Protein chains: 2
Amino acid sequence: MQAQSTVEKAIDILFHLHAEPHACGVTAIGRRLGLSKSSTHRLLSALGRRGLVEKDDRGRYRTGIGLVALGVGALDREPIVAAARPVLEAEAAALGETVFLVAARAGRIIVLDKSEGEGFLRASPRIGSTVPVHATAVGKLYLAFGGGSVEAPAGELEKFSNATIARRSALAAAVARAAERGFAENSDEWIPGLSVVAAPVMATASDGRMLAAVAVAAPTPRMQSLGREEIGRRMLAAAARVAARFEGVAQ
Amino acid sequence: MQAQSTVEKAIDILFHLHAEPHACGVTAIGRRLGLSKSSTHRLLSALGRRGLVEKDDRGRYRTGIGLVALGVGALDREPIVAAARPVLEAEAAALGETVFLVAARAGRIIVLDKSEGEGFLRASPRIGSTVPVHATAVGKLYLAFGGGSVEAPAGELEKFSNATIARRSALAAAVARAAERGFAENSDEWIPGLSVVAAPVMATASDGRMLAAVAVAAPTPRMQSLGREEIGRRMLAAAARVAARFEGVAQ
DNA sequence: GACAATGTTCCTTTAATAGGAACAAATTTC
DNA sequence: GAAATTTGTTCCTATTAAAGGAACATTGTC
């Protein structure tokens, strides 16, 4: 990845600090991103003047509080998030499991919002994080209904667990089944012990494209006892409510 | 505010888009920030290549999903947030009201995390948002225990409601009372109908400075019936638990 | 269908950036 | 405890990227 503009270099620094668990020094950042020490320092100073990075006691840099403000605002700005939030909360309260909203952005599948369940063992996806296409329920939905907005990765399908779909023909079959049933599921295919059932939020009025997906995540045994078919119908109804609220709000 | 570096101009665009409720055009952004149309366009392109801004169907720009990822990560990085989260959740569940964590950053008081209550009418502060110093419970705590990390605004004290403290002598008295009791409260002083009781999280081991504050927010009638003194003691205990977890984790 | 406003691209002057080197703290090593 | 090494910060000038006017393309409007 070749940074071209100064702005992009600064953003690369932000993402690098984001990826690092601990605060980083100027020298280390510069070395990692191929920037001179003085350039790195100047970029960090500019970011610091706007509160996007902070310096700790020892002069090390880490991501700043300004990023939090910008990020949370960006979420609330997404109309689909505003439309979905009450539905997520209602479903999470009714099921006692984590319910979340996922959508495609720039060819990747990203967690937009969540409402967590009550269990001691519960799914807690990170808002803003990316999930794999070929090993998740939402990924299958996007392959079935997304109209090419998301594609399965090129080359070998990464194997996350014993249950991960490895062959493209098997993936195509799973996608076809999702297209037929209208919802998709995933048992241990990404994270062992985690099951997800997801339904697509389709724009009913305009062009009928897929706006997002509503999904419930639970430990596999609990999902088993809840009944996948019943949960699937429930998610379809929830997704329809989100779509109705979205079109009502967006008007 | 005069932008000096290119990076700062780009960040100013981000904050401007963040402040605007709707997507903005290149011309409008440039006019607002004093940038030429072509410069604005180039900065937006750079931000867009890294996913920090997005373009809608009509070519308008708004904040992008990349900011969400950066922001959420930045929050989880704050050790005080990690230490406080279970305490916030436990208190929110026990009280049924919104409990949140607030701290001073760069001289301002900022909401770091929250766990919302269950009421139909409930406080829902925005994570990352700034709250006023002289009209909030946490503001009084920082004036009492913050060691100068936060100061009351210069000039006239802004009047948010009929209950807002207007005179500096009255503010000093409220701060003195907070210093004496160890916790602070706020009834309708910022937002009419909203009451808050807050307790400071003090570093017990090292230098004893104020790390953050734990606060519970509720509609004024409900706070009245819960009993301010009892809630104050409860918040003091919660803040002590946060401090203990913080020092235990940070070790 | 003509007009106005907006997003995008092009090009040259201008000004900010890059990066080496020197300096100052802090940390590590002996 | 002192020397040595690493690291954050500042300074300076050749270089390079950014700024801004103008032309072009596109969209929405009257």
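Numbers restart at 1 for each chain; the letters A, B, ... are given by sequence-line order, proteins then strands. Quick caveat: nothing in here was measured; it's all calculated off a predicted structure.
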Please give, in whole Å, the distance from dA18(D) P to Leu35(B) CG?
13 Å
Could I get the full list of side chain to side chain contact (heavy atoms under 4.5 Å, CB included) partners for Ala69(A), not counting sequence neighbours?
none
Rounded off to whole Å, could you give me the NE2-to-P distance for the His41(B) and dT9(C) pair?
5 Å
Sequence neighbours excluded, the answer for salt bridge (Lys or Arg N to Asp or Glu O under 4.0 Å) partners of Glu89(A) is Arg122(B)
Please state whether the phosphate of dT6(C), meaning OP1 or OP2, lies under 4.0 angstrom from any side-chain nitrogen or oxygen of Lys55(B).
no
Residue pairs passing the salt bridge (Lys or Arg N to Asp or Glu O under 4.0 Å) test where at least one lies in residues 37-46 of chain B, sequence neighbours excluded:
none
Just the rounded figure in Å: distance from C1' of dT6(D) to CD1 of Ile29(A).
16 Å
Taking only residues two or more places apart in sequence or in another chain, which ones pass side chain to side chain contact (heavy atoms under 4.5 Å, CB included) with Ala215(A)?
Phe100(A), Val138(A), Val196(A), Ala198(A)
Mapping Val26(A) and Val7(A) onto DNA chain D by nearest heavy atom, which one lands closer to the 5' end?
Val26(A)
Just checking Arg32(A): does its CZ atom have more than 12 heavy atoms from other residues, nucleotides or ligands closer to it than 6.0 angstrom?
no
Taking everything shown except Arg108(B) itself, do over 12 heavy atoms lie less than 6.0 Å from its CZ?
no
Output the rounded distance in Å from CD (Glu8(A)) to C1' (dA18(C)).
17 Å
Between protein and nucleic acid, restricted to nucleotides 22-30 of chain D and to nitrogen or oxygen atoms under 3.5 Å apart, what atom pairs and distances do you find?
none

Between Leu44(B) (CG) and dT6(C) (P), how many Å, whole number?
15 Å
Global bending angle along the helix from dG1(C)-dC30(D) to dC30(C)-dG1(D), which compares the axes of five pairs at either end, to 10 degrees
50°
Atom CD1 of Ile13(A) and atom P of dT17(C): how far apart are they, to the nearest Å?
13 Å
Considering residues at least two apart in sequence or located in another chain, which fulfil the side chain to side chain contact (heavy atoms under 4.5 Å, CB included) criterion with Glu151(A)?
none
According to a strict under-4.0 Å criterion, is Tyr61(B) in side-chain N/O contact with OP1 or OP2 of dT8(C)?
yes
side-chain N/O Lys9(A) vs dA18(C) OP1/OP2, d < 4.0 Å:
yes
Whole-Å distance, Arg60(A) CZ to dA25(C) P, equals 18 Å
Could you give the CG-to-C1' distance, from Leu43(B) to dT9(C), as a whole number of Å?
16 Å
Using OP1 and OP2 only, check whether a side-chain N or O of Thr6(B) sits under 4.0 Å from dA17(D).
no
Check residues 139-149 of chain A and write down every donor-acceptor pair under 3.5 Å in which the side-chain atom is one partner and the other belongs to a residue at least two apart or another chain.
| from | atom 1 | to | atom 2 | distance (Å) |
| --- | --- | --- | --- | --- |
| Lys140(A) | NZ | Glu185(A) | O | 2.8 |
| Lys140(A) | NZ | Glu189(A) | OE1 | 3.0 |
| Lys140(A) | NZ | Glu189(A) | OE2 | 3.2 |
| Tyr142(A) | OH | Ala104(A) | N | 3.0 |
| Ser149(A) | OG | Gly146(A) | O | 3.1 |

Name all residues meeting the salt bridge (Lys or Arg N to Asp or Glu O under 4.0 Å) criterion together with Arg85(B); count only those two or more places apart in sequence or in a different chain, and write none if there are none.
Asp76(B), Asp113(B)
